[in-house]
Structures are given as structure tokens and as C-alpha cells.
Amino acid sequence: MNNEKRASILIIYTGGTIGMIRNSVTGALESFNFDHLVRHVPELRQFNLNISSRAFSPPIDSSDMNPSLWSRIVEMIHTNYDKFDGFVILHGTDTMAFTASALSFMLEGLMKPVILTGSQLPIGVLRTDGKENLLAAIEMAAAKNDDGSPVVPEVCIYFHQKLMRGNRCTKTSADSFNAFSSPNCPCLATAGMEIQYNRHIIRPYDAQVKLAPKYKMSSDIIIFSLFPGIQPNIVKKILSGKELKGIIFRTFGAGNAPQAHWLVEALTNATSEGKVIVNITQCSTGSVKMRLYETGLQLLDAGIISGRDMTVEAALTKMMFLLGQELPVDEVRKLMKKDLAGEISCK
Ligand code: ASP
């Protein structure tokens, strides 16, 4: 066998249920090491691939994920970029959509597959979904076109037979194996007896584009969700916060908010102070259209930007990313509206 021709895959194990074991005293699931995981997947040896691994030490529950750990993943990919054909990131499901979204912006110029996966049941459990998720993610990360280019040169989540664009995903079930949805973007591939790639949806490969990773993210932002009966004093206090630079504003339906003078005034004050406010609907599918109703139009007049059909995870991490680059506010506002990494549907 010619080892030169084999694709090389780097598995980055961050933690999550896939590698957890049950504490015999408390009964709770706890992170465990990567060797434990590999012991339960002897099938890995059957791949005609060179597989290497790196692991977080200690591995984490993904509820503990944060921007500096995203930077650590970016750095692991950056330093190994030329040595590997694809990357598989094992990650807890709880914040996987946030990490996938963040990576899609931080890994600017990415032209290799970065596939996140995990599982709902630990890999040591008989009915685990982890094995299939891991094996299929590796296969897709190694997949090449006839010309040798990668089939999926972008950040994805593979879960329960679906390969989805990472910054279009959301965790929609706490207990089903079918835990992730991509509400506004069709799957990039489905894994049945064969893997069917939807090539027209996958981002195009360009050999001229080079990886130019960005490491800085700003966390001076909040997600703020409307509800009937929301209190003026609480909202005004939050929106006038001195450290606050950006707000993901979760509105009703097609991007609507109550027609209350105090609310429009508080939002207008915030945008004129230089805060970036992006309108994201509370609905799980569809898009913000602020010109549709008066209740949306008033937000446009207040200087609020349409997040169109971005997921909350994508809008949040995109804002963290853009504010982290310390760009002028107008530039941040302009780029929030623009599709940077496939996170917005282009009309
Ligand atoms: N709490 C776990 C985590 O996100 C859940 C999982 O992996 O599915 O790390």
C-alpha cells in the first residue's frame, strides 16, 4: 500500500458526551481521555487513512466552551493545516453550533474540511450514536474530488446522517439522536447506504485562497429576547450599558417589536452611541423582513440591522468576530449584513 497517497486526517478531541464515562459515585457523566474513545472504535483501523489526534487536556463539557478555547482550536488547525487533508473535531453537542459558527469566521480562507461531531450517548454505551457519527465524519473529511480537491472545503457539523454547514446549524433536540437542524439551508450531504453530496450547495474550492486565521473575538455583547410585557426600566438599563458594544436582538416573526415609544427611543439611543444591533427572529425558520410591517420599519429607522436568516449562533459569533477585529462601527454594520462564510442565504 502506498502511504503517500493516503489522505491524512487530524482528530481534535475537545470533550463532550462522546468520550464521557459515568462516575460510579455520583452517576453523572464526566469527560474522559481520547484513548478510551479510540478503544471503543476499533473500526478506525480499517480506514485507508493516516489518522492522528490532538486532545484538550483535560477534555471539557461543551458548556465550558469559550472564545479562548475557540482560538486554541483555530491554532491547532492553523499549525497543522499543511500536514492534513481534513480535520474532525469531537465536541459536546450543547454548544457545538456556536463553535462551528465561530470557526467558520475565524478560519478565514479555509479550503479544507473541518467537521465537528459528537454524540448523544457515550461511545462506550451499546446503542451509542457516536460511532457512526465519528466514522462518517472522518470519511467526509477525507473525501476528495477526481482532481484531488476536497469535496467539502468548509466548516460543517455531521450528525445523525446529515452533513450541515456549521454556521447554519442549531441544536434542536436535547435527547433525540437527530439533535441538529439546519433550518434555512439544505444539508451538504446525507449518509445512507452511500454518501450523497449536494455539490451545488457546498462552498466552491479555490486553490488560490490561503488560510488567514483570526484569533480575536469580543464578548462585549448580549442576546436580548423580546416578550409581551417586557419592562422599560430593565431594557433601558441593559441597552445603555457602557461596556456593551453589540446586541443580538431577538424579535417576533419577520423581525417585529412592540410599537412602544420607550423601546424605540432606547434602541435609537443605543445605535447612536455606536452599539451594533442586529435583528434576528425568534422563529426557527424564515427570515427577518423589517419592511413588511410598521412594527419592523420602526426598528430600521432606529438604526437596527437585519440579520436576515442567520441563526442566533451565527449572528452572535459573527458579531464577536467583527468587533474583535476592531473595525470602525460602520464597517462592522456593513459586514454584519454581508454573507461572509455562507451564513446568510443570498437572494
Ligand atoms: N453536556 C454535553 C456537552 O455538550 C452534551 C453532549 O456532548 O452532547 O459537552
Side-chain angles (χ1 to χ4, degrees), residues 11-41 44 53-74 76 87-104 114-138 140-141 155-164 166-183 191 217 219 223 284 311-314 316-317 320:
I11 299 177
I12 299 175
Y13 173 57
T14 67
T17 297
I18 192 164
M20 287 180 176
I21 53 170
R22 200 169 292 284
N23 180 313
S24 54
V25 179
T26 63
L29 286 172
E30 291 174 353
S31 295
F32 207 59
N33 67 28
F34 185 71
D35 299 341
H36 154 83
L37 196 137
V38 171
R39 255 201 317 279
H40 286 90
V41 199
L44 283 173
S53 65
R54 305 277 185 281
F56 274 21
S57 178
I60 59 154
D61 185 298
S62 79
S63 300
D64 291 320
M65 190 45 79
N66 61 48
S68 72
L69 295 176
W70 290 338
S71 294
R72 198 190 293 175
I73 300 173
V74 170
M76 283 172 158
F87 302 83
V88 172
I89 302 177
L90 300 179
H91 195 290
T93 56
D94 291 347
T95 63
M96 192 186 289
F98 289 92
T99 299
S101 299
L103 295 181
S104 75
V114 171
I115 303 184
L116 289 94
T117 195
S119 67
Q120 294 282 58
L121 282 178
I123 208 123
V125 171
L126 213 52
R127 284 196 313 107
T128 186
D129 51 332
K131 250 188 205 189
E132 195 273 331
N133 285 347
L134 172 60
L135 296 173
I138 293 174
M140 292 179 184
V155 179
C156 309
I157 287 182
Y158 177 79
F159 220 88
H160 193 65
Q161 302 175 349
K162 294 180 291 189
L163 184 73
M164 296 158 279
N167 56 29
R168 291 307 197 108
C169 287
T170 252
K171 184 175 178 183
T172 40
S173 174
D175 45 22
S176 162
F177 284 157
N178 189 10
F180 287 88
S181 315
S182 171
M217 301 288 268
S219 294
I223 300 174
S284 50
T311 59
V312 176
E313 293 89 335
L316 180 94
T317 54
M320 289 171 110

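Just follow the structure's listing: the first ligand is 1, and inside any ligand the first atom is 1.
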From the candidates Ile60, Thr17, Thr14, the one that places a heavy atom nearest atom 7 (O) of ligand 1: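 It is Thr17 whose heavy atom sits nearest to atom 7 (O) of ligand 1.
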
Next on the checklist: Test your reading of the model: is there a side-chain donor-acceptor pair from Thr311 to the backbone of Ala314, 3.5 Å cut-off?
Outcome noted: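 It does hold such a pair.
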
Close N or O approach ([X], ligand 1; < 3.5 Å):
| X | answer |
| --- | --- |
| Lys171 | no |
| Thr95 | no |
| His91 | no |

Return the closest protein heavy atom for atom 4 (O) of ligand 1 as residue, atom name and distance.
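Closest protein heavy atom to atom 4 (O) of ligand 1: Ser62 OG, 2.5 Å.
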
| request: List the closest protein heavy-atom neighbour of atom 8 (O) of ligand 1: residue, atom name, distance to the nearest 0.1 Å. | output: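 That would be Thr93 OG1, 2.3 Å.
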
With a 3.5 Å cut-off and no angle check, do the side chains of [X] and [Y] form a donor-acceptor pair?
| X | Y | result |
| --- | --- | --- |
| Glu30 | Asn23 | yes |
| Ser176 | Gln120 | no |
| Asp61 | Ser63 | yes |

Does some side-chain heavy atom of Arg127 sit less than 4.5 Å from a side-chain heavy atom of Phe177? yes

Fill in: Close side-chain approach of Leu121 to Thr17, heavy-atom, < 4.5 Å
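A side-chain contact under 4.5 Å is absent here.
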
Ligand 1 atoms nearer than 4.0 angstrom to some heavy atom of Gly16 are 7 (O), 9 (O)

Under a heavy-atom criterion of less than 4.0 Å, does Ala179 contact ligand 1?
->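 So Ala179 does not count as touching ligand 1.
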
